[in-house]
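One structure is given here, and the rest of the page talks about it.
Numbering of ligands and ligand atoms starts at 1, following listing order. Predicted, not measured: the structure shown is a model, and the values here were computed from it.
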Amino acid sequence: MFREMGEEKSGKKYGVLKNSLFMLQEARKNVPSVIWLAVLDGLIAVAVSVIELYVAPSILKNLEMHGTLSGLLSTILFFTAGITAASAVQAYVWQNMRYGRIELRDHIVTRVRYKMSTSSYPLREKQAFINLLVKANDALNDNDKASEAIWTTFTGLVQNILGFAIYLYLLKSVDPVVILVTVVTAVLGYLVNYRANEWNYRHREEEEEICKHVLYVQDEAQDRCLAKDIRIFGMGEWLCGLHEKYMRLYLDFSRRRERRYLAADLTDLILGILRNGIAYFYLLYMVLDGRIGAAAFLLYFAAVGGFTTWIGGIMENIATLHRQGLELESVREFLDYREIFRMEEGMPLNWEPGASYTIELRDVSFRYSGSEAEPAKEVFSHLNLRIRPGEKLAVVGLNGAGKTTLVKLICGFYDPDEGEVLLNGVNIKVYDRRDYYRLISGVFQDFSVIASTIAVNIAQDTQKIDMERVADCVEKAGLKKKIESLPRKYDTLLDRFVYTEAVELSGGELQRLMIARLLYKDSPIVVLDEPTAALDPIAESDIYQKYNTLTRGKSAVFISHRLASTRFCDRILLIEDGRIAEEGTHEELLANGKRYAELFELQSRYYQKTEQF
Ligand code: ADP
């Protein structure tokens, strides 16, 4: 149910390990090379480090043993060649891994986009779902974000764990107390880091809330629709004030967070000094005591340093993995967000051309989810309505009466809280909702133009476009003259934001474009929610004349604020107070002399008056 969707989250907590496994599984399925390249990268890094560890002690040993110059040179050459070859392979591996990482991220981004564009309408409106999307996008939107950077962490883990094991073996003759101090201080450093990360995680919603406001101000300041208001009503100052206020809040938040990270870094630093100090002091003592020679001292000296680095590295990798895991958690929470409609797994509904469809709303009650501050009122209460196949139904009523909501219920964008929406007697909840949407076409108040050609916008397809049909629909929608006058005609691009060469159509022309799109889809049920709102009276009247042709053979639901326009319909519903207040043909309702007649009279007088001016 729509209102209970707060609980629609999968409810799972994934954790670092599961999130890491998620990435490994995604890689195994889509780009497996990423996994072995990450491991190879780690192995080579350890190899380079072990070779480097032995350079100075080997040279020193050579000198101690009074070796020849050529012997010394070949030792140096051997190490240099080894390091150069390993670094070259590492660079090659890294380059290949980079492409793989991007490809893998792209797979996940595609899944997120798909989920967003195909999820049900109520989910699309749900703030928790939108917030998760924002976070998921954040984890996916560049090379440094968790979805890619986690591979660097995996490589680091392979490298650090292997390095740790090798160096532990090398240091087997060093006092275990020194090893213990090294391990304990490094672990403590990790714990301090962990706490700082936890703080960040616990406060992420506070940060999001502030960021949402900052982004709102930024978007509004750039919004083209608002540009006029900003200038005329002096909204600029108000926007600047808001921006300043939220930026101050954001800076304050960042300061609090950075203070935690600074404290963690400082503690880590102090622990590092303590750790290294004890280890080096012990080694110096061993040399002075004559228990180890210069070459061995150098080897151990470097090995203890390296060992500390491996431990620090492992701890840092775990902390980073934790942080990246939290970022990826949003991606997974979003992808696993439970869908409330049967979008794909419902009963298939095959649209057969020529089949007739009856839509029925039986005892339907509905309210929007509302908020704590303003609990929503019931829009409909026990509403009953039957739309016969091929019927032309008009829905009228004052603003806020529920006309658009009714259309949304018919379209299956929302499910009623009580009662049922039935298609040929079967509750539409049973069907695969995407199949149900195939039966419906519409022109809505807030229509969407895609950044592509006019033909693609009408056909809603990029592959197979029947150009003859496109031209026919454009003609019926009354847009032919305009489109044929454009140099690239049906190939004209729309949306200036994306294409600089795009053409900008007027509100009325766009509305006609949407009518052409509706005709192209040729579905058995059509809804027209104020399809002429942006048209001038002549164009409006032209569409009304064509209304019967446009909807021939289809069931049509038509919303209009102009009561005169509804006279073409078989039946008119007047909605008031969440119920059907009056019902009948235009003539019947006028003859009734009630609310419809009153509103019609008011409107006619108004239009007659305005026509006299
Ligand atoms: P009409 O189309 O007749 O103007 P609507 O169907 O748009 O009316 O709205 C009916 C009622 O539902 C109004 O009170 C409106 O404020 C409310 N409403 C509409 N959409 C939403 C929404 N997404 N969330 C909450 N309330 C809404």
- Message: Would you compute the distance between atom CE of Met347 and atom CD1 of Ile428 and round it to the nearest 0.5 angstrom?
- Response: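 Interatomic distance, Met347 CE to Ile428 CD1, rounded to 0.5 Å: 12.5 Å.
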
- Could I get the full list of salt bridge (charged side-chain N to carboxylate O under 4.0 Å, His left out) partners for Glu504, not counting sequence neighbours? Arg224, Arg496

- Classify the contact between Leu398 and ligand 1 as side chain, backbone, both or neither, using a heavy-atom distance cut-off of under 4.0 Å. backbone

- With a 4.0 Å heavy-atom cut-off (strictly under), which part of Glu125 contacts ligand 1: side chain, backbone, both or neither? side chain

- Task: Tell me which one of Phe380, Phe366, Tyr368 gets a heavy atom nearest to atom 22 (C) of ligand 1.
- Result: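 Residue with the shortest heavy-atom distance to the ligand atom: Tyr368.
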
- Name the option, out of Leu406, Val395, Thr405, Val396, that contains the heavy atom nearest to atom 9 (O) of ligand 1. Thr405

- Any idea which atoms of ligand 1 are less than 4.0 Å away from a heavy-atom of Lys403? 1 (P), 2 (O), 3 (O), 4 (O), 6 (O), 8 (O)

- Sequence neighbours excluded, which residues qualify as side-chain hydrogen bond (donor to acceptor under 3.5 Å, both in side chains) partners of Glu583?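 Here the qualifying residues are Arg571.
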
- Query: Taking 4.0 angstrom as the limit, do Arg248 and Asp252 come out as a salt bridge?
  - Reply: no

- Item | Check ion pair Glu327-Lys145 (N to O, under 4.0 angstrom) |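 Lys145 and Glu327: not salt-bridged.
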
- Could you tell me if any non-hydrogen atom of Gly402 lies under 4.0 Å from any atom of ligand 1?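 True for this residue.
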
Does an N or O from [X], backbone or side chain, lie closer than 3.5 Å to an N or O of ligand 1?
{"X": "Asn399", "value": "no"}
{"X": "Thr404", "value": "yes"}
{"X": "Val379", "value": "no"}

- Query: Without hydrogens or angle criteria, can the side chains of Asn131 and Gln127 be said to hold a donor-acceptor pair below 3.5 Å?
  - Reply: yes

- Message: Would you say that more than 12 heavy atoms from the other residues, nucleotides or ligands in this model lie under 6.0 Å from the NZ of Lys212, or not?
- Response: yes

